[in-house]
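Presented below is the structure to which this report refers.
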Amino acid sequence: MIMDEKFWDDMYGRAERVMSGKPNPVLTQQVTGLSPGRALDVGCGEGDDARWLAAMGWTVTAADISSTALERAASLTEPADITWVHANYLKSPPPATAFDLVAMHYFALPKADGPEAALGIAESVAPGGTLLVVNHAVVPGHEWNGIRPSDFYEPHGIAELLGEEWTALIDDTRPRTTAAPAGSGHTHDTVMRATRRR
């Protein structure tokens with residue numbers, strides 16, 4: 001199955017609201033206490049994380065491949081310091097060293113495409129900034145709509161790609177603190193948080 005723009009437009013188009021309307025718990029846990037600056041929300045979907053970041057004082061760029069998701073996100077958002085961007089970061093990376101925080105939750109980076117997309121996203125973190133990557137823990141044999149999670153980079157795999165200018169602060173697997181979508185079987189998240197040295 002090809003996870004292209006049509007795939008994600010179809011997913012978001014199947015209901016008036018697909019996500020919970022709340023920010024990801026790992027985001028709120030890991031970002032609370034950071035000094036607000038410029039944030040990039042990679043794969044922003046309906047904008048729940050972006051709205052929370054903006055409410056916390058961040059200047060947010062929220063990017064997604066799905067036009068449907070971005071239109072819905074904008075329609076659900078009160079005036080806030082959020083720029084909605086239609087982008088495919090698998091093909092073209094975000095601007096280099098432009099953000100103090102880059103958050104990437106449940107974003108699909110196919111291993112078959114090589115490390116360039118992951119490295120391009122990491123490169124968008126400014127010196128002194130934070131990269132936060134969260135994904136579902138891979139369960140052997142698990143598939144979703146014919147997609148095998150093991151075919152995609154996990155947060156630990158991205159940590160292994162980072163160069164010497166990075167310090168990994170967190171690289172672990174932990175139980176979810178909120179329920180996953182019914183039937184998904186996701187009980188744990190893998191989390192990687194790293195800072196880029198100045």
Side-chain angles (χ1 to χ4, degrees), residues 3 5 8 12 19 22-74 76-77 79-110 113 115-135 152-155 157-159 161-163 165-170 189-198:
M3 299 175 74
E5 181 169 357
W8 293 109
Y12 284 106
M19 301 303 172
K22 299 177 181 178
N24 281 295
V26 175
L27 178 77
T28 62
Q29 293 160 6
Q30 296 299 319
V31 172
T32 297
L34 294 180
S35 297
R38 303 155 298 167
L40 173 63
D41 181 9
V42 178
C44 67
E46 293 166 324
D48 299 332
D49 288 352
R51 282 187 290 275
W52 181 84
L53 286 166
M56 295 297 104
W58 293 83
T59 300
V60 183
T61 298
D64 205 283
I65 192 175
S66 170
S67 302
T68 301
L70 289 169
E71 289 168 6
R72 183 170 303 156
L76 293 168
T77 303
D81 205 352
I82 303 173
T83 301
W84 306 102
V85 176
H86 184 234
N88 181 358
Y89 289 151
L90 298 180
K91 303 297 183 184
S92 299
T97 64
F99 302 99
D100 304 298
L101 168 69
V102 173
M104 184 163 57
H105 283 72
Y106 313 110
F107 187 77
L109 289 166
D113 291 349
E116 288 77 17
L119 291 171
I121 292 169
E123 181 62 23
S124 69
V125 178
T130 298
L131 175 65
L132 176 64
V133 185
V134 182
N135 217 329
F152 299 87
Y153 280 103
E154 298 176 62
I158 294 175
L161 296 173
L162 299 177
E165 74 271 25
W166 290 88
T167 300
L169 303 177
I170 297 171
D189 283 331
T190 53
V191 180
M192 193 279 291
R193 176 180 166 187
T195 57
R196 191 172 191 176
R197 299 191 189 99
R198 296 183 182 274

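Please read all numbers here as calculations on a predicted model, not as lab measurements.
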Worksheet, complete the sentence: Heavy-atom closest pair (Gly47 atom, Ala73 atom, distance to 0.1 Å) is N-CB, 3.9 Å
Worksheet entry | Contacts of Ala50 that satisfy side-chain contact (heavy atoms from CB on, under 4.5 Å) - sequence neighbours left out | Asp41, Val60, Ala62, Ile82, Trp84
Worksheet item: Which residues satisfy the side chain to side chain donor-acceptor pair (under 3.5 Å) test with Thr167, sequence neighbours excluded?
Response: Arg197
Discussion item. Going by the rule side-chain contact (heavy atoms from CB on, under 4.5 Å), which residues pair with Asn88 if we only count those two or more places apart in sequence or in a different chain?
Written reply: Ile65, Leu90, Lys91
Item to complete: Provide the full list of salt bridge (charged side-chain N to carboxylate O under 4.0 Å, His left out) pairs with a residue in residues 97-107, sequence neighbours left out, each pair given once.
Response: Arg38-Asp100
Worksheet entry | Close side-chain approach of Tyr89 to Leu40, heavy-atom, < 4.5 Å | yes
Worksheet item: From Phe99 CZ over to Thr61 OG1, what is the distance, rounded to the nearest 0.5 angstrom?
Response: 4.0 Å
Practice prompt. Compare every heavy atom of Trp166 with every heavy atom of Ala194, then report the nearest pair and how far apart it is.
Written response: CB-CE3, 3.8 Å
Practice prompt. Kindly indicate whether the side chain of Leu70, heavy atoms from C-beta on, has any atom under 4.5 Å from the side chain of Cys44.
Written response: yes
Worksheet entry | Minimum heavy-atom distance Phe107-Gly43, with the two atoms named | CD1-CA, 4.0 Å
Please tabulate, one pair per line, all N/O donor-acceptor pairs under 3.5 Å involving side-chain atoms of residues 116-128, not counting sequence neighbours.
from: Glu123; atom 1: OE1; to: Arg196; atom 2: NH2; distance (Å): 3.0
from: Glu123; atom 1: OE2; to: Arg196; atom 2: NH2; distance (Å): 3.4
from: Ser124; atom 1: OG; to: Ile121; atom 2: O; distance (Å): 2.5

Worksheet item: Looking at Gly37 and Trp58, what are the two nearest heavy atoms and their distance?
Response: N-CE3, 3.0 Å
Practice prompt. Using side chain to side chain donor-acceptor pair (under 3.5 Å) as the criterion, list what pairs up with Ser66, not counting sequence neighbours.
Written response: Asp9
Fill in: Side chain proximity check, Gln30 to Val134, heavy atoms < 4.5 angstrom
no
Fill in: With Thr130 via side chain to side chain donor-acceptor pair (under 3.5 Å) - residues at least two apart
none
Worksheet item: In Å, rounded to the nearest 0.5 Å, how long is the span from NE2 of His86 to CG of Asp64?
Response: 8.0 Å
Item to complete: Kindly state each residue pair satisfying side chain to side chain donor-acceptor pair (under 3.5 Å) with at least one member in residues 42-51, sequence neighbours excluded.
Response: Arg17-Glu46, Arg17-Asp48, Asn24-Asp49, Glu46-Arg72, Asp48-Arg51, Arg51-Thr77
Worksheet, complete the sentence: Of all heavy-atom pairs linking Thr32 and Thr28, the shortest is OG1-O, 2.6 Å
Item to complete: Applying side chain to side chain contact (heavy atoms under 4.5 Å, CB included), run through Val42 and Val133 and close with a yes or a no.
Response: CA-CA 10 Å; Val42 178; Val133 185; over 6 Å; no
Discussion item. Going by side-chain contact (heavy atoms from CB on, under 4.5 Å), name the residues that satisfy it together with Asn135, two or more places apart in sequence or in a different chain.
Written reply: Tyr106, Pro155, Thr190
Discussion item. Once side-chain contact (heavy atoms from CB on, under 4.5 Å) is applied, do any residues pair with Thr59, and if so which ones, sequence neighbours excluded?
Written reply: Asp81
Response to the item:
d(Leu101 CG, Met56 CE) to nearest 0.5 Å is 13.5 Å
Worksheet entry | Approximate separation, where rounding is to 0.5 Å, of Leu169 CG and Thr195 OG1 | 4.5 Å
